[in-house]
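Reviewing the structure listed below.
Counting starts at 1 for both ligands and their atoms, in listed order.
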Amino acid sequence: MQAPHREHLYKLLVIGDLGVGKTSIIKRYVHQNFSSHYRATIGVDFALKVLHWDPETVVRLQLWDIAGQERFGNMTRVYYREAMGAFIVFDVTRPATFEAVAKWKNDLDSKLSLPNGKPKMAHNHHHHRNDNNMFV
Ligand SMILES: Nc1nc2c(ncn2[C@@H]2O[C@H](COP(=O)(O)OP(=O)(O)O)[C@@H](O)[C@H]2O)c(=O)[nH]1
Ligand SMILES: [Mg+2]
């Protein structure tokens, strides 16, 4: 008899300034599954990492990489929609890219919404404020 099978799909964003290594991190993590199909059309690369969490559970991580839109310092609400988490990446050798982390975090906070479509409540914001915290 087959064990019960669960699948979870999580959308994760990888954001941060241009050239900090976002694409490299995703390629390194996902490797063979990297796909650049969407670059031309929506300016977003999309990679899928499949984790066999336990014998009954498969976790699929959809890693969203931005391609060329970093220079605007913000993304559209559509890009952030239904994301479960985000990595904000910076380059330790370029302080300006670290200062930009706060800007990216503000952009996230201003556009995130709850599953019911309502805006994320303002009083939640400070829970994630941590200068060393790249995972929000
Ligand atoms: N020295 C060094 N170079 C890196 C590292 N990660 C990425 N790079 C280089 O930095 C450049 C920008 O990386 P990329 O992943 O395209 O950055 P993105 O614009 O944030 O996607 C590329 O030339 C990479 O090879 C790293 O950890 N160390
Ligand atoms: Mg890139």
Practice problem: With rounding to the nearest 0.5 Å, note down the distance linking CG in Leu61 to CD1 in Ile26. | Solution: 11.0 Å
Can you produce the list of protein nitrogen or oxygen atoms under 3.5 Å from a nitrogen or oxygen of ligand 1, alongside each distance?
from: ligand 1; atom 1: 15 (O); to: Thr23; atom 2: N; distance (Å): 3.4
from: ligand 1; atom 1: 15 (O); to: Ser24; atom 2: N; distance (Å): 2.8
from: ligand 1; atom 1: 15 (O); to: Ser24; atom 2: OG; distance (Å): 2.6
from: ligand 1; atom 1: 17 (O); to: Gly21; atom 2: N; distance (Å): 3.0
from: ligand 1; atom 1: 19 (O); to: Gly19; atom 2: N; distance (Å): 2.8
from: ligand 1; atom 1: 20 (O); to: Val20; atom 2: N; distance (Å): 3.2
from: ligand 1; atom 1: 20 (O); to: Gly21; atom 2: N; distance (Å): 3.0
from: ligand 1; atom 1: 20 (O); to: Lys22; atom 2: N; distance (Å): 2.9
from: ligand 1; atom 1: 20 (O); to: Lys22; atom 2: NZ; distance (Å): 2.8
from: ligand 1; atom 1: 21 (O); to: Thr23; atom 2: N; distance (Å): 2.9
from: ligand 1; atom 1: 21 (O); to: Thr23; atom 2: OG1; distance (Å): 2.8

Quiz item: Does the shortest distance from the Mg ion (ligand 2) to an N/O/S atom of Thr23 fall below 2.8 Å?
Solution: yes
Quiz item: Under 4.5 Å between side-chain heavy atoms, hopping through other hydrophobics if needed: is there a path connecting Leu63 to Leu18?
Solution: no
Self-check item: Beyond-backbone contact of Asp17 with Trp104, side-chain heavy atoms, under 4.5 angstrom
Solution: yes
Quiz item: Between Thr97 and Asp91, does any side-chain donor sit less than 3.5 Å from a side-chain acceptor?
Solution: no
Quiz item: Is the shortest side-chain N to carboxylate O distance from Lys103 to Asp107 below 4.0 Å?
Solution: no
Quiz item: What's the verdict on side chain to side chain contact (heavy atoms under 4.5 Å, CB included) for Val58 and Arg60, showing C-alpha distance, side-chain angles and the deciding distance?
Solution: CA-CA 7 Å; Val58 171; Arg60 293 176 198 277; 4.3 Å; yes
